Amino acid sequence: MMTSKGQQVIQQWYREKNWEQFPFQAEMMDAYLNGYSGLLNAPTGSGKTFALFLPFLAGFINQHPDTFKTQQNNGLLMLWITPLRALTNDIRKAMQEACNEMGLPWRIMTRTGDTSAAEKSALKKKLPEVLLTTPESLHLMLAQKEYPKLFSQLQVVVIDEWHELLGTKRGVQVELGLSKLKVLGSKSEVLNQKSKDLELKSHDFPLKIWGISATIGNLEQAAEVLLGNDFPKEQIRMVRANLEKKLDIRSIIPQNIENYSWAGHIGLKLLPEVMEIVAKSKTTLIFTNTRSQSEIWYHAILDNYPEYAGIMAMHHGSLDNELRNWVEAALHAEALKLVVCTSSLDLGVDFRPVDTVVQVGSPKGVARFMQRAGRSGHHPGATSLAYFVPTHSLELLEGAALKEAIKAKIFESRDPLLLAMDVLIQYMVTLAVSDGFKAEELFSEIKTTYAFADLSRSEFGQLLDFITTGGKTLAQYDEFLKVEVENGLYKVNSRRVAMRHRLSIGTITSELSIRVKWLSGGSLGTIEESFVSKLKPGNTFWFAGRSLEFVRVKEMTAYVKKSNSTKGIIPSWNGGRMPLSSQLAAVFRLKLDEVAHGLERDVEVKALKPLFDLQQKLSHLPQSHEFLIESFKSKEGHHLLFYPFEGRLVHEGMASLLAYRISKIKPASFSIAMNDYGFELLTDEDIPIEEALEDSAFFSLDNLIDDIQHSLNANEMARRKFRDIAHIGGLVFTGYPGQQIKNKHLQASTSLLFEVFSEYEPDNLLIRQAYNEALAFQLEEFRLRAALQRIQSQNIILKVIERPTPFAFPIMVDSLGREKLTTETLEERIAKMARSYGAEGVAEPAERKSRKPGITRKKGF
DNA sequence: GACCTGCTGCGGCTTG
């Protein structure tokens, strides 16, 4: 094959930079120059930015072989979208340097929330050749008058980190944005072709769209979603980097498994073992699952290993940005030996000096663990070293499952969202705010997206009604009449409506948080309203790794001063709940089956032998064709324990469902507890479980939805989902920047809307969406069905047990957490419970306790 | 207002 001028220039420039090291770069160049769009599957640190930027440059040079060094442009040629504004600056710098070195007089700019007003207006006057932006900022651009001009010269759009967006509403927003760019881009290219007679190989979609994605279970589908339904299949390419990353994963095995905790999730008992690893490593990242767990670990290390003061830092999403940036910079500068963090450090730039990663507690998913493990040994060819620290005994088996899954290359999928009406409504108003839209034109554009392929014309009609007249229900309220129709053009004429809309573009909603500031000025981060409300002036709490005395709260800010107290509570945040992924759960069940068959391949399984022996002795070790139920009586009542090993969300739904089905035989009220492995039904009456099991309907899928509606407070679940939907759909205004409307008011108004719709317009599309979201995300209906189906084909083993088994114990401890009034720490209560049940293997508060800091894992006082 | 272990991410500054 002839190499074009563009390729020669690029190759010459890139030669010193190890082009040959990444063979996929050549394949990418070829795909791009031949007019393909598609998906590049490459991890961070593989030069993926250049893999797309350089082919684009080569294409440009080919179009202007003699003049490219002087070629002036009057428009945007490349749009680069990333989910993280922090990434835009690094990418911009790298691109700009490349252009400078090649003598190309180009400007690379960013447009995000961080871009100054001056820069934004500069952008409006003269567009750069390359613009780096976020999905939200793209939509803000679409909300500008005469936005088509911005994109009239556009040749390629790159969606970086597509796997992070796919499966979220931000992803849907990207799909909608692309459907518009495709129309604008193709129109302009047709013009270009006529006037300049460009020689392009493909003409249907001259706008190229490329996604960059880490490995996920559904890459092919990821490409489909990105490109939409109308993209010609023969114009799509998948380029795979196929860079094998060597991983060395080791579980930390508690020395005496019989004395290791059966329950719990903090894992501090293994602190000495972890610190041994830290001491031997150059730089270590300790990943925890929650922000409060990071604080707890940081505090414990500082207390027990004071020599780490100054060379250790913490990083999580509620810490001030300035602090987080400092930590990242210090990591790069190799000034830190240890960072305790959450997944906030998952993203972003690579941390080259890191040689060891420690994961405390189950990462709950294969991909998440891979990504974290990959943070260490960040040189091409280097081996990543990651340790898994179980926080309770049985979790050790997850370590074995993780290794197995990684070996078998099992990855989670990101399921694309369908028919997110709230996002669509927002988009429609966005277009109405700028130049307005024609209904039929827009409908056909929207139909090209994967998300709205099944949108019916009548549903679209309902949405049009909704934004123009408020729909059936809200027609009397001016507040909701946003869009007007003039000669078939849907337009927003009110400046107030337009501005409010621009203020609320985006799909990320969050709880109102309180900023924590020193009395002397300077911000530490944010904590939640509910936590602050429990503080009294003079109280001490630990946050951002410091002991703080609460002074007062004023205008959404909690003022604090330094405290010398070594005791204090640690805030916890209400974040998302991460159930065990279905892929990891499946491998976990596989491991359990091996255990039941007496196979002891893994060190983890060997170590757990005493625990499994006890489980077998007291009850049973289920094989893969068996389903274990344990029945047990105590002074609290009748306990039933079920073990689907399917993740806690599914267990929550299944527990309510089965409780409901039992109560049809004999009325009773149940209390429910669950973890990722199973769930417990507890009632003070005798449960007719044998009778229930004889009925084939017990685990049946028949009447599933109906029974779920009866057994769970489906209304309440939908009402909670509706709150976010109402925000995104623009039904409530969250206030001007800096003066947010009180949470309680918003709560009340979305709740009211939910009721009004439910009563007068039950077929309302947003209400329907709320129920669907509750079913899909809260209940994981799909997994619930699959689990029920599996159980139906299994042999049910019902064991009457004398006392809690190793499987049962952690679940029953879980239910302790819900008791409202107690002054004991969880640890004390576990110990007490262990004594009262005579359960073996439950550690008394260990001898290490004297070294431990005065942390109680309690919320509030 | 509910959650009780629970991550991450963006954007906007003027009307009525």
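A note on names: the letters A, B, ... follow the listed sequences, proteins ahead of strands, and every chain is numbered from 1. Computed from a predicted structure; not experimentally measured.
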In this structure, how many angstroms lie between the [atom2] atom of [N] and the [atom1] atom of [X], rounded?
X	N	atom1	atom2	result
A:Phe531	B:dC4	CZ	C1'	14 Å
A:Gln359	B:dG6	CD	C1'	13 Å
A:Asp724	B:dA2	CG	P	16 Å
A:Trp573	B:dC7	CH2	P	8 Å
A:Glu511	B:dG6	CD	C1'	14 Å
A:Arg648	B:dC7	CZ	P	13 Å
A:Gln173	B:dG9	CD	P	17 Å
A:Lys364	B:dT5	NZ	P	12 Å

Taking 4.0 Å as the cut-off, does a side-chain nitrogen or oxygen of [X] come that near to OP1 or OP2 on [N]?
X	N	answer
A:Ser344	B:dT8	yes
A:Arg502	B:dG12	no
A:Ser292	B:dG6	no
A:Arg577	B:dC4	yes
A:Ser572	B:dG6	yes

Scan [X] against the nucleic acid and name what it touches under 4.0 Å (heavy atoms): base, sugar-phosphate only, or nothing.
X	answer
A:Thr168	nothing
A:Gly506	nothing
A:Ser494	nothing
A:His316	sugar-phosphate
A:Leu165	nothing
A:Arg720	sugar-phosphate
A:Arg111	sugar-phosphate

With rounding to the closest Å, how many angstrom separate the C1' atoms on B:dG6 and B:dA2?
14 Å

When rounded to the nearest Å, what value does the distance between C1' atoms of B:dC7 and B:dC3 take?
16 Å

Taking atom CG of A:Asn574 and atom CD of A:Glu529, what is their separation to the nearest 0.5 Å?
12.0 Å

Is there a donor N/O on one and an acceptor N/O on the other, under 3.5 Å, for the side chain of A:Ser343 and the base of B:dC7?
yes

Is any side-chain N or O of A:Asn289 under 3.5 Å from a base N or O of B:dC7, one able to act as donor and the other as acceptor?
no

From the set [options], return the single nucleotide nearest to any side-chain atom of [X].
X	options	result
A:Thr342	B:dT5, B:dT14, B:dT8	B:dT8
A:Arg85	B:dC10, B:dC7, B:dT14	B:dC10
A:Leu503	B:dC10, B:dT15, B:dC13	B:dC13
A:Arg170	B:dC10, B:dA2, B:dC7	B:dC10
A:Tyr736	B:dT8, B:dT15, B:dA2	B:dT15

Can you classify the ring geometry of [X] versus [Y] as parallel (below 30°), tilted (30 to 60°) or perpendicular (above 60°)?
X	Y	value
A:Tyr677	A:Phe645	tilted
A:His316	A:Phe543	tilted
A:Phe531	A:Phe541	perpendicular

Salt bridge check: are A:Lys124 and A:Glu119 linked by an N-O gap of less than 4.0 Å?
no

Between A:Arg515 and A:Asp320, does any side-chain N to carboxylate O distance fall below 4.0 Å?
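A:Asp320 and A:Arg515: salt-bridged.
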
A cation-pi test, strictly: NZ or CZ of A:Arg500 under 6.0 Å from the centre of the six-membered ring of A:Phe733 and no more than 45 degrees from its axis. Yes or no?
yes

For A:Lys120 and A:Pro579, find the nucleotide of DNA chain B closest to each by heavy atoms; which residue's nucleotide sits nearer the 5' end?
A:Pro579

Which residue, A:Gly576 or A:Ser530, contacts DNA chain B at a nucleotide closer to its 5' end, judged by nearest heavy atom?
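Upstream on the strand: A:Ser530.
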
